[in-house]
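In each ligand, atom 1 is the first atom listed, and ligand 1 is the first ligand listed.
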Amino acid sequence: MLQRSNAFGSKTVLVAGGAGFLGSHLCDALLELGHRVVCVDSFLTGSFENIAPLQNHPCFSVVRHDICEPLPATIALDQIYNLACPASPPRYQADPIHTMMTSVAGTTNLLKLARQHDATFLMASTSEIYGDPEQHPQDESYLGHVNCTGPRACYDEGKRAAEALCFDSLRSGAIDARVVRIFNTYGPRMQPDDGRIVSNLIVQALRGEPLTIFGNGQQTRSFCYVSDLVEGLMRLMNIDPNPGVPINLGNPGEFTIAELAEMVLARVPTRSKIVHRPLPADDPKRRRPDITRAKELLGWEPKVVLSEGLEHTVAWFRQQVRPLEAAAKR
Ligand code: NAD
């Protein structure tokens, strides 16, 4: 068995969902800090391209595995991040029961692993646990307004159950479990076709297609750049003692979807026009994190403003979309 934390403070860290958008950036950051990383992923929505640059890294390994099944024996672990779950509505609604089981059975399996290894556990929960909020902005004391029978329930209620599993494990004294509630995060490595608003608009603009806005575009969202989010995840994982409460991570800057579309159009020269489509069921009208707790307990707040983050994201998608277009013409 591998030694756990070595003399230089490097740890062995399991990242479930490590081949996904956020997970792959987290793997990068952990390796840069000198940790050993075991990426566990079913590749349901993640991709090998996201982790390809890490394949030959001596401290990186990948296990292809669905966390709904008990995990195979691994080397000794110090920390476990659970980011495994499809995050965009079309993806998590494609197999809603599996999405729910990923949060419930999958989190249970990872918590058992954390207990076996006495590893610190961090759960990536979501602002979606607030549902279509009646309180604005949302702080962590808000209990939410979720439709438990609607098409988003597999994700929202699954994450609520995962939070309950974490806090029961913590209360029992068995596991040092921590929970972050992530608000919309964007950046390079979002899948071009997975239906999230930032990637949708950028890809449509780059392809010269109409930019789709659902409803009148006056619904609001806050957008956190991926590097800020990863920093927040690592701060909560490593803070001592465990704050013992869920923590919102997100960028409190609030923009309407119409404003976001205009910002994309200002960065991508395109013939694209905006088209409006009906609002999907249970789509939240307003979403903005109250990050007072993250500031106070973690000393964390986002640094990257939307205009800057969009520049990086558009630049990355420009490289992705051209090859896709070329392949489509062949
Ligand atoms: P993503 O879809 O890019 O990544 C999820 C990863 O988990 C993928 O690599 C996927 O293959 C893997 N996965 C899914 N189900 C699995 C299973 N049963 N077993 C093993 N692997 C599985 O999504 P993301 O944006 O990187 O989100 C990561 C986490 O953060 C998710 O848990 C998501 O709910 C949460 N989150 C993300 C956002 C955001 O804006 N990106 C917002 C709130 C919460």
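- Contact annotation: Met101 has no heavy atom less than 4.0 Å from any atom of ligand 1.
- Counting heavy atoms closer than 4.0 Å to ligand 1, residue Phe21 contributes atoms from both its backbone and its side chain.
- Ligand 1 places these atoms under 4.0 Å from at least one heavy atom of His65: 19 (N), 20 (C).
- In Ser125, the part holding a heavy atom less than 4.0 Å from any atom of ligand 1 is the backbone.
- With ligand atoms numbered from 1 in the order given, ligand 1 contributes 31 (C), 32 (O), 33 (C), 34 (O) to contacts under 4.0 Å with heavy atoms of Lys159.
- Residue nearest to atom 27 (O) of ligand 1, selected from Gly17, Ala87, Gly46, Ala162: Ala87 (by heavy-atom distance).
- With a 4.0 Å cut-off on non-hydrogen atoms, His98 touches ligand 1 through its side chain and not its backbone.
- In this structure, Gln191 has no heavy atom closer than 4.0 Å to ligand 1.
- At a 4.0 Å heavy-atom cut-off, ligand 1 touches Ile182 through backbone and side chain alike.
- Within the 4.0 Å heavy-atom cutoff, Gly106 does not count among the residues contacting ligand 1.
- The closest approach between a heavy atom of Pro86 and any atom of ligand 1 is below 4.0 Å.
- Proximity of Arg91 to ligand 1, defined as any heavy-atom pair under 4.0 Å, is not found for any part of the residue.
- Contacts between Tyr155 and ligand 1, counted as non-hydrogen atom pairs separated by less than 4.0 Å, involve the side chain only.
- Thr126 and Lys159 make their closest contact through CG2-CG, 3.5 Å (heavy atoms, listed as atom of the first residue, atom of the second, distance).
- Against a heavy-atom cut-off of under 4.0 Å, Thr126 is close to the following atoms of ligand 1: 43 (C), 44 (C).
- Using a 4.0 Å cut-off to heavy atoms of Phe43, the atoms of ligand 1 that qualify are 11 (O).
- Interface of Leu44 with ligand 1, defined as ligand atoms under 4.0 Å from a residue heavy atom, comprises 11 (O), 15 (N).
- Counting heavy atoms under 4.0 Å from ligand 1, residue Met190 does not touch it at all.
- For Thr102, a nitrogen or oxygen atom sits less than 3.5 Å from a nitrogen or oxygen atom of ligand 1, counting backbone and side chain alike.
- The shortest N or O to N or O distance between Cys68 and ligand 1 is not under 3.5 Å.
- Looking at Asp41 next to ligand 1, an N or O pair under 3.5 Å apart turns up.
- Considering Ala19, Cys85, Gly20 only, the shortest heavy-atom separation from atom 7 (O) of ligand 1 involves Cys85.
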